[in-house]
Amino acid sequence: MYTGLQHLHSYLAYLVLAGVVISVIVALAGWFGNKPFTDKDRKLGLLGLIPAHLQWVIGLILYFVSPLGIDSATGGFMKDSVSRLYVLEHPLMMIIAVVLITIGYSKAKRMVGTGNGFKSIAIFYGIALVLILIRIPWISWPSN
Ligand code: HEM
Ligand code: HEM
């Protein structure tokens, strides 16, 4: 089960990145192009939201079955930058990123036809993208 989940988490990361990047680009184009925010645009926000939600559920399970997750939270793990990344920084930062994406989508959803949902998606997803990029374990990904 561990290997399967690890591969799934590793492949899904491409979809998360692609989905969030596309959502941000579309939202920036809509925002700066002063276009009305329609239901079709809301659905484009799902491109980033759905893979991110799936990924965080899988990541959470992985945290308890991977030797790099909770199992390495032994004495002194904070002094080792690699353990600290997998045990603390990566999970915490990704959870914050997914929460931001959810807030951005949720606000935008309520603005269909009335407000600037593009701005909400561009800002929240944009910040989330930065957080994801700074705490992906680049030492092991995408090489496996
Ligand atoms: C947007 C969300 C997330 C993204 C894009 C993401 C991305 C990644 C990537 C690219 C790797 C490296 C995979 C590899 O080495 O093949 C990884 C590993 C890992 N992630 Fe995430 N992750 C996310 C959320 C989470 C969450 C929420 C948790 C835990 C609560 C988590 C726990 C882990 C663990 C434990 C590993 C190490 C797995 C292993 O190689 O044994 N991830 N993640
Ligand atoms: C397999 C896992 C998951 C998938 C595929 C998924 C998918 C989705 C989708 C498609 C939406 C948008 C619904 C809409 O348009 O209103 C959504 C919204 C949401 N999800 Fe998830 N989700 C998953 C797991 C989770 C988990 C585990 C949580 C919380 C612990 C969560 C919290 C939320 C919240 C709070 C919203 C509200 C957004 C709003 O205000 O519309 N999701 N999710």
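Everything numeric in this text was worked out from a predicted model, so none of it was measured. Residue numbers start at 1 and run along the sequence shown. One-based numbering, in listed order, for ligands and for the atoms of each.
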*Asks:* Only heavy atoms of Ala13, strictly under 4.0 Å: list the atoms of ligand 1 that pass.
*Replies:*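 Contacts of ligand 1 toward Ala13, numbered from 1: 10 (C).
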
*Asks:* Report the nearest protein non-hydrogen atom to atom 15 (O) of ligand 2: residue, atom name, distance rounded to 0.1 Å.
*Replies:*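 Going by distance alone, atom 15 (O) of ligand 2 is nearest to Tyr105 OH, 2.6 Å.
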
*Asks:* Supply the atom-to-atom distance Lys119 NZ to Ile121 CD1, rounded to the nearest 0.5 angstrom.
*Replies:*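 Answer for the NZ-CD1 pair, Lys119 versus Ile121, is 13.5 Å.
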
*Asks:* Show me which atoms of ligand 2 lie under 4.0 Å from any heavy atom of Arg42.
*Replies:*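 Under 4.0 Å from Arg42, ligand 2 has these atoms: 15 (O).
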
*Asks:* Among protein heavy atoms, which sits nearest to atom 32 (C) of ligand 2, and what does the distance come to when rounded to 0.1 Å?
*Replies:*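 Looking at atom 32 (C) of ligand 2, the protein heavy atom closest to it is His53 CE1, 3.7 Å.
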
*Asks:* I need the atoms of ligand 1 closer than 4.0 Å to a non-hydrogen atom of Pro91, numbered in the order shown.
*Replies:*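 Within the 4.0 Å cut-off of Pro91, ligand 1 contributes 29 (C), 30 (C).
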
*Asks:* Look at atom 42 (N) of ligand 1 and find which of His90, Met94, Gln55 reaches it with the closest heavy atom.
*Replies:*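 Looking at heavy atoms only, the winner is His90.
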
*Asks:* Does ligand 1 have an atom under 4.0 Å from some heavy atom of Pro137?
*Replies:*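 So Pro137 counts as touching ligand 1.
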
*Asks:* Could you list the atoms of ligand 1 found under 4.0 angstrom from a heavy atom of Leu68?
*Replies:*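 Numbered from 1, ligand 1 contributes 39 (C), 40 (O), 41 (O).
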
*Asks:* Using a 4.0 Å cutoff against the non-hydrogen atoms of Ser66, which atoms of ligand 1 qualify?
*Replies:*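 Answer, ordered by atom number: 38 (C), 39 (C), 41 (O).
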
*Asks:* Just how far is it from atom CD1 of Ile101 to atom NE2 of His53, taken to the nearest 0.5 Å?
*Replies:*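 Between atom CD1 of Ile101 and atom NE2 of His53 there are 7.5 Å.
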
*Asks:* In sequence, state the C-alpha distance, the side-chain angles, and the governing distance for Leu68 and Tyr63, and then conclude on side chain to side chain contact (heavy atoms under 4.5 Å, CB included).
*Replies:* CA-CA 8 Å; Leu68 298 173; Tyr63 193 69; over 6 Å; no

*Asks:* Contact between Met1 and Ile61 at the side-chain level, heavy atoms closer than 4.5 Å - yes or no?
*Replies:*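 Counting from C-beta outward, Met1 and Ile61 do come under 4.5 Å.
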
*Asks:* Between Leu44 and Leu47, is a side chain to side chain contact (heavy atoms under 4.5 Å, CB included) present by the stated rule, with each step listed?
*Replies:* CA-CA 5 Å; Leu44 282 169; Leu47 278 182; 3.9 Å; yes

*Asks:* Going by the angle between their ring planes, with limits at 30° and 60°, are Phe37 and Phe118 parallel, tilted or perpendicular?
*Replies:*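 If you compare the ring of Phe37 with that of Phe118, the planes turn out perpendicular.
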
*Asks:* In His9, which N, O or S atom comes closest to atom 21 (Fe) of ligand 1?
*Replies:*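 Restricting His9 to its N, O and S atoms, the minimum distance to atom 21 (Fe) of ligand 1 goes to NE2.
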
*Asks:* Roughly how far apart are Leu62 CG and Phe64 CZ, rounded to 0.5 Å?
*Replies:*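 Leu62 CG to Phe64 CZ: 11.0 Å, rounded to 0.5 Å.
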
*Asks:* Which ligand 2 atoms does Leu49 reach within 4.0 Å, using its non-hydrogen atoms?
*Replies:*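 Close to Leu49: 9 (C), 11 (C), 12 (C), 17 (C).
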
*Asks:* Ignoring hydrogens and geometry, is there a side-chain-to-backbone donor-acceptor pair from Ser120 to Lys107 under 3.5 Å?
*Replies:*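 Absent.
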
*Asks:* Tyr125 side chain to Gly45 main-chain N or O, any donor-acceptor pair under 3.5 Å?
*Replies:*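 Answer holds: yes.
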
*Asks:* Show which atoms of ligand 1 fall inside a sub-4.0 Å distance from at least one heavy-atom site of Tyr2.
*Replies:*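 Listed by number with element: 39 (C), 40 (O), 41 (O).
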
*Asks:* Does some side-chain heavy atom of Leu17 sit less than 4.5 Å from a side-chain heavy atom of Leu129?
*Replies:*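 Yes, side chains in contact.
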
*Asks:* Going by the order shown, which atoms of ligand 1 are within less than 4.0 Å of some heavy atom of Tyr86?
*Replies:*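 Listed by number with element: 36 (C), 37 (C).
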
*Asks:* Compute the shortest N/O to N/O distance between Trp56 and ligand 2 and return yes if it is under 3.5 Å, no if not.
*Replies:*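 It does not: no N or O of Trp56 is found under 3.5 Å from an N or O of ligand 2.
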
*Asks:* Pull out every atom of ligand 2 sitting under 4.0 Å from any heavy atom of Ile50, numbered as shown with elements.
*Replies:*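 So the answer, numbered in order with elements, is 10 (C).
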
*Asks:* For atom 24 (C) of ligand 2, tell me which residue out of Leu60, Ile95, Val57, Ile103 has the closest non-hydrogen atom.
*Replies:*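 Residue with the shortest heavy-atom distance to the ligand atom: Val57.
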
*Asks:* Hey, what do you get for CZ (Arg135) to CG (Leu88), rounding to the nearest 0.5 Å?
*Replies:*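 Going from CZ on Arg135 over to CG on Leu88, the span is 10.0 Å.
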
*Asks:* Find all atoms of ligand 2 within a distance of less than 4.0 Å from any non-hydrogen atom belonging to Ser106, and give their numbers and elements.
*Replies:*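 Near Ser106, the atoms of ligand 2 are 39 (C), 40 (O).
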
*Asks:* Starting from atom 5 (C) of ligand 2, find the nearest protein heavy-atom neighbour and note its residue, name and distance.
*Replies:*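 Here the closest protein heavy atom is Leu54 CG, 4.0 Å.
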
*Asks:* For atom 36 (C) of ligand 2, grab the closest protein heavy atom and report residue, atom and distance to one decimal in Å.
*Replies:*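 Its nearest protein heavy-atom neighbour is Thr102 CG2, 3.8 Å.
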
*Asks:* Within the 4.0 Å heavy-atom shell around Ser140, which atoms of ligand 1 are there?
*Replies:*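 Answer, ordered by atom number: 12 (C), 14 (C), 15 (O).
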
*Asks:* Should you measure from each heavy atom of Ser10, which atoms of ligand 1 turn up under 4.0 Å away?
*Replies:*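 Taking each heavy atom of Ser10 in turn, ligand 1 has 16 (O) under 4.0 Å.
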
*Asks:* When the aromatic ring centroids of Trp141 and Tyr14 are compared, is their separation below 6.0 Å?
*Replies:*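 Trp141 vs Tyr14: aromatic centres under 6.0 Å.
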
*Asks:* Does the Asp41 side chain pair with the main chain of Thr38, one donor and one acceptor, at a distance under 3.5 Å?
*Replies:*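 Between the backbone of Thr38 and the side chain of Asp41 there is a qualifying donor-acceptor contact (under 3.5 Å).
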
*Asks:* Taking both backbone and side-chain atoms of Lys109, is any N or O found less than 3.5 Å from an N or O belonging to ligand 2?
*Replies:*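 It does: an N or O of Lys109 is found under 3.5 Å from an N or O of ligand 2.
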
